Number of protein chains: 2
Amino acid sequence: MLIQTRPDPSPSAHDRVYRGLRTRIMHGEIEPGQALTLRGIGKEFGVSMTPAREAVRRLVAEGALLLSSSGRVSTPDLSNERIEELAALRALIEVELSSRALPRAHMALIDRLQLINGTISDAVRAHDPVGYIRTNLEFHRTLYLRAQAPAMLAMAETVWLQLGPTMCKLYGRMNRTEAPHFHRHIIAALKAGDEPGLRLAVRSDVTQGLRMLTT
Amino acid sequence: MLIQTRPDPSPSAHDRVYRGLRTRIMHGEIEPGQALTLRGIGKEFGVSMTPAREAVRRLVAEGALLLSSSGRVSTPDLSNERIEELAALRALIEVELSSRALPRAHMALIDRLQLINGTISDAVRAHDPVGYIRTNLEFHRTLYLRAQAPAMLAMAETVWLQLGPTMCKLYGRMNRTEAPHFHRHIIAALKAGDEPGLRLAVRSDVTQGLRMLTT
DNA sequence: ATGGATTTCTTGTGATCACAAAGCCGCGCA
DNA sequence: TGCGCGGCTTTGTGATCACAAGAAATCCAT
């Protein structure tokens, strides 16, 4: 069989599949318990089973997917204990990240955060759960990128990934009326250079968002 | 991510390769910068390239291996900033784990920890770096298992994994004279039920062990 | 019509192969 | 002697295939 001429020079096939699935999971576009098949993934991304399997294996290793004993793959349905753990991890890591970002947070960053916060409000008003989750993550990531701590950010994103399907389930059935108000606390603490206030605001935002996840 | 405690009766090929490489890396048996080949790994474990590639991809995703732009795979040589980040992560996560383990730490656990600590001293006296690293990790894991927090423990192990080759380089050229004395502080705090003391002891043990890693 | 057995289909697993790109070695030329 | 340069080799990538195990559908007997 001839190699199909792909115009993409840099991204390998498994990487495209991995990124595609990853963002879908992190943004909460796949609900918990949904089953996936390697051949289906391969057909969707136009590749064979081999890259699909590698991408799935990687996501399983990161806790974003669950591999049943028979090898079947699906999105995990988290227990309340697991959710509490992941929320605690978010609090630990993201508080540290925000604290490290504070000294480098200049006005341009704060402006961008306020802009993103406005987009969150738009998504809330439009009752768009996926848009809400995606923009909310963008808010946090924009702040944490300033921490210049890639290993910590990767850890935080791994936690987000594990919570993705569960957040899909939650925000699907809940109707927010406004953007999370702790984001305003975060921005205010950044403006004031108030580190204890920032830590408290980030911790509150993370735990408040996940307290309602535990049924 | 190795969450299930029971060994699978029929471990698949990629899982055997993954576990084999993982323990070798975590125990510091591979020094940083060492190159690996898929065919070599496959031959070593008696499998073809496919499971070897899946295992390598998984370890790359966990930060235990580095994939160069040309696809070559090797153990990473960490920068000082990265080491500092990982040390901070260890401090954050392991302090929390020890704190959660404290209420469940009974006498049998403390006895086991003291036994393991004795084995660490033996490894130090025998100038056995790999044995020292392995037993040291066993000390921490034994304590953290009591926290009943598998997601957090998995995160901690991922950090250990990333530090494995670097610890190999360090402990190879350093000659310890005694077991880490903060382990005695940890055991004392466990006996006394002293949570602040335990948090301080764990944090000290982690950061002290990694301060000398930054060249 | 219903429950159990059997067949069929689906799905994951791992080996193998063709191919491309990167490394490596040695030959030849200045 | 130093430096390209062309070929050979090594190595990763992804498609394809045979196989086994599980799930689903079908069929037969009561």
Side-chain angles (χ1 to χ4, degrees), chain A residues 1-22 25 30 32-77, chain B residues 1-4 6-22 24-25 30 32-77:
Chain A
M1 177 63 142
L2 215 64
I3 295 295
Q4 50 180 347
T5 58
R6 278 262 161 219
D8 45 339
S10 42
S12 49
H14 84 269
D15 220 46
R16 274 188 300 121
V17 178
Y18 168 74
R19 280 191 228 277
L21 287 178
R22 181 179 205 265
I25 294 171
I30 304 182
Q34 187 163 332
L36 299 174
T37 67
L38 295 184
R39 287 174 175 87
I41 295 169
K43 189 187 292 180
E44 177 181 343
F45 287 88
V47 297
S48 83
M49 298 169 45
T50 313
R53 240 169 61 196
E54 294 171 14
V56 164
R57 280 259 148 75
R58 194 163 158 188
L59 290 164
V60 168
E62 292 174 319
L65 291 176
L66 186 70
L67 204 68
S68 85
S69 59
S70 68
R72 250 65 169 199
V73 59
S74 62
T75 54
D77 200 348
Chain B
M1 211 166 262
L2 193 58
I3 291 176
Q4 55 179 4
R6 283 190 45 182
D8 204 32
S10 72
S12 49
H14 84 269
D15 221 45
R16 274 187 300 118
V17 178
Y18 169 74
R19 280 191 229 274
L21 286 178
R22 181 181 205 264
R24 289 227 317 236
I25 294 170
I30 304 181
Q34 187 163 332
L36 299 174
T37 68
L38 295 183
R39 287 173 174 87
I41 294 169
K43 190 188 290 182
E44 177 182 343
F45 287 89
V47 298
S48 84
M49 296 169 45
T50 313
R53 240 171 58 196
E54 293 171 14
V56 165
R57 280 259 147 74
R58 195 165 159 185
L59 290 164
V60 168
E62 291 173 320
L65 291 177
L66 184 69
L67 205 66
S68 85
S69 60
S70 67
R72 251 58 169 206
V73 60
S74 62
T75 53
D77 201 348

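Everything quoted here is computed from the prediction, not taken from an experiment. Letters A, B, ... mirror the listed sequences (proteins, then strands); counts begin at 1.
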Footprint string (nucleotides 7-12 of chain D, 5' to 3'): B base within contact, S backbone only, - free, heavy atoms under 4.0 Å: ----BB
salt_bridge(Glu44(B), Arg24(B)) N-O dist < 4.0 Å: yes
Any donor-acceptor pair under 3.5 Å from Thr75(A) side chain to Gly33(A) backbone: yes
Test item: Val47(A) and Arg16(A) side chains (from C-beta on) under 4.5 Å apart, heavy atoms: yes
Protein-nucleotide distance (Phe45(B), atom CZ; dG14(C), atom P), rounded to Å: 14 Å
Glu54(B) side, atom CD; Arg58(A) side, atom CZ - distance, nearest 0.5 Å: 13.5 Å
Nearest-angstrom distance from the residue atom NZ of Lys43(A) to P of dG12(C): 13 Å
Relative orientation of the end axes in the helix from dA1(C)-dT30(D) to dA30(C)-dT1(D), expressed as an angle to the nearest 10° (five pairs per end): 10°
Atom pair distance, as rounded to whole Å: CG in Leu59(A) and C1' in dG12(C): 17 Å
Nearest atoms (heavy-atom pairs only) where Pro76(A) meets Gly63(A): CG-O, 4.0 Å
Residue among Ile41(B), Val56(B), Leu59(B) satisfying side-chain contact (heavy atoms from CB on, under 4.5 Å) with Leu36(B): Ile41(B)
Salt-bridge contact Arg57(A)-Asp15(B) (side-chain N to carboxylate O under 4.0 Å): no
Side-chain N or O of His14(A) closer than 4.0 Å to phosphate OP1/OP2 of dG14(D): yes
Euclidean distance, atom CZ of residue Arg16(B) to atom C1' of dG14(C) [Å, nearest integer]: 11 Å
Interatomic spacing from CG in Leu67(A) to OG in Ser70(A) - rounded to 0.5 Å: 8.0 Å
N or O in side chain of Thr50(A) less than 4.0 angstrom from dG14(D) OP1/OP2: no
